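For reference, the structure is listed below as structure tokens.
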Amino acid sequence: MPELPEVETMRRGVLPVVGSCVKSIHFVASPYKKIRITPRRDVFRHRAVGQRITEIGRLGKRVLLHLENRHTIVIEPRMTGLLLLAEPPDEQHLRVGFQLRGPVPWLWFWDRRGLGSVRLMSERQLAIELGPQRVGPDALAITLDQLHARLRDSRRAIKVALLDQRAIAGVGNLYVSELLHVARIHPEKRCDRLTRNQWSRIHAAMLDVLREAIRYEGSTLSDGTYRNVLNQEGGYQHCHRVYGRPEKPCPRCQNSRVKRIVQAQRSTFFCPRCQRK
DNA sequence: CATATGTCCTGAGAGC
DNA sequence: TGCTCTCAGGACATAT
């Protein structure tokens with residue numbers, strides 16, 4: 001489940017393709033219909049082939065490949081999408097191959113479940129479809145004041161609100177449980193009932209957890225889907241405090257067991273003793 | 001407007 | 001053993 005740390009790891013991993021030229025693009029035939037690829041493949045090729053990759057960016061949970069003609073290839077991994085410089089795990093779930101002229105011959109988009117997307121956008125399209133109205137400030141860049149201003153009046157539970165990418169971009173279901181545990185905030189606590197001090201703890205914990213997870217190159221869960229661009233596992237799953245650990249002792253207080261609840265159809269893990277409502 | 005729910009997708013694992 | 005069923009959660013469409 002690539003969230004900010006995994007996508008940032010992908011971004012850093014594909015930096016070696018900066019300066020390379022797109023030689024050809026292979027849309028793998030059979031699963032093509034199943035993932036969202038826009039525009040049509042001939043138009044996509046016409047606008048991207050022959051272009052140099054000038055820069056690699058990240059917008060929330062998306063990787064951006066900027067081209068010299070000011071178009072951008074927007075890669076959205078969603079649940080199981082991977083960006084690979086190494087040989088993909090199998091042929092079956094290969095979606096797009098970018099053949100490059102440069103030090104690395106191929107950049108692959110591989111996606112087992114096919115919920116991801118690969119889109120080529122003009123500057124204008126990018127500004128509209130993924131502009132500040134649609135994607136909030138990045139979780140690593142947002143200030144405490146910005147975070148506070150954006151969510152302080154919301155009646156939603158803090159866990160649910162932090163997953164809203166329009167409010168703040170990059171936090172997903174795994175890291176929200178982790179950061180709320182570090183901040184000692186109950187996931188069901190309503191935003192409009194949090195004190196300034198609690199917001200401050202959330203902000204600090206968010207930065208700590210995300211930065212630490214990036215250092216470990218993200219989390220590879222037992223389903224094993226997330227891999228870095230060289231098809232290697234991340235390491236942060238060994239550091240998880242609560243996520244995916246129901247009934248295990250809380251790593252902070254030891255006296256309480258991690259509880260699993262469901263909020264907005266998603267699992268939340270927390271320590272009922274350390275994170276009181 | 002804000003918030004809640006439904007939808008897509010595949011394969012791992014549970015349960016029988 | 002081998003089958004069926006549930007569940008995992010990204011973003012977005014639709015409903016309340």
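Just so you know, these numbers come straight off a predicted model, no measurement behind them. Just so it is clear: chains get the letters A, B, ... in the order the sequence lines come, proteins before strands, and each one is counted from 1.
Atom CG of A:D111 and atom P of B:dT10 are 10 Å apart (whole Å). The distance from atom CZ of A:R78 to atom P of B:dT7 is 16 Å, rounded to the nearest whole Å. Distance CE (A:M1) to C1' (C:dA8): 7 Å, rounded to an integer number of Å. Taking atom CD1 of residue A:I37 and atom P of nucleotide B:dC8, one finds them 20 Å apart after rounding to whole Å. In this structure, the CG atom of A:L4 is 16 Å from the C1' atom of C:dG9, given to the nearest Å. The interatomic distance linking A:Q265 (CD) with B:dT3 (P) rounds to 16 Å, in whole Å. Distance A:M10 CE to C:dG10 C1': 11 Å, rounded to the nearest Å. Atom NZ of A:K61 and atom P of C:dG9 are 11 Å apart (whole Å).
A donor-acceptor pair is defined here as one N or O able to donate and one able to accept, closer than 3.5 Å; such a pair exists between the side chain of A:S177 and the backbone of A:F269. Side chain of A:K189 to backbone of A:K277: a donor-acceptor contact under 3.5 angstrom is found.
Around atom CZ of A:R196, more than 12 heavy atoms belonging to other residues, nucleotides or ligands sit under 6.0 Å away. Surrounding CD of A:Q133 are at most 12 heavy atoms belonging to other residues, nucleotides or ligands under 6.0 Å away.
In this structure, A:W106 and A:W108 have parallel ring planes: the angle between them is below the 30° cut-off, well short of the 60° mark. The aromatic rings of A:F44 and A:F98 sit tilted, their planes meeting at an angle between 30° and 60°.
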List the steps, then state whether salt bridge (charged side-chain N to carboxylate O under 4.0 Å, His left out) holds for A:E247 with A:K259.
-> CA-CA 6 Å; A:E247 300 305 320; A:K259 197 174 168 196; over 6 Å; no

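A:R95 is not listed as a side-chain neighbour of A:V28, based on a closest heavy-atom distance of 4.5 Å or more.
Position along DNA chain C of the nearest nucleotide to A:R62 versus A:L115 favours A:L115 as the more 5'-ward residue.
Rounded to the nearest 0.5 angstrom, A:R193 CZ and A:I158 CD1 are separated by 13.5 Å.
Note on A:T80: nothing from the nucleic acid sits closer than 4.0 angstrom, heavy atoms only.
Proximity of A:R266 to the phosphate of C:dA11: no side-chain N or O atom is located under 4.0 Å from OP1 or OP2.
In the region residues 140-177 of chain A, proximity to DNA chain C at under 4.0 angstrom, judged on heavy atoms, holds for A:Q165, A:G172, A:N173.
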Report each atom pair, protein N/O against N/O of nucleotides 11-13 of chain B, whose distance is under 3.5 angstrom.
unit_1: B:dG11; atom_1: OP1; unit_2: A:H93; atom_2: NE2; d: 2.7

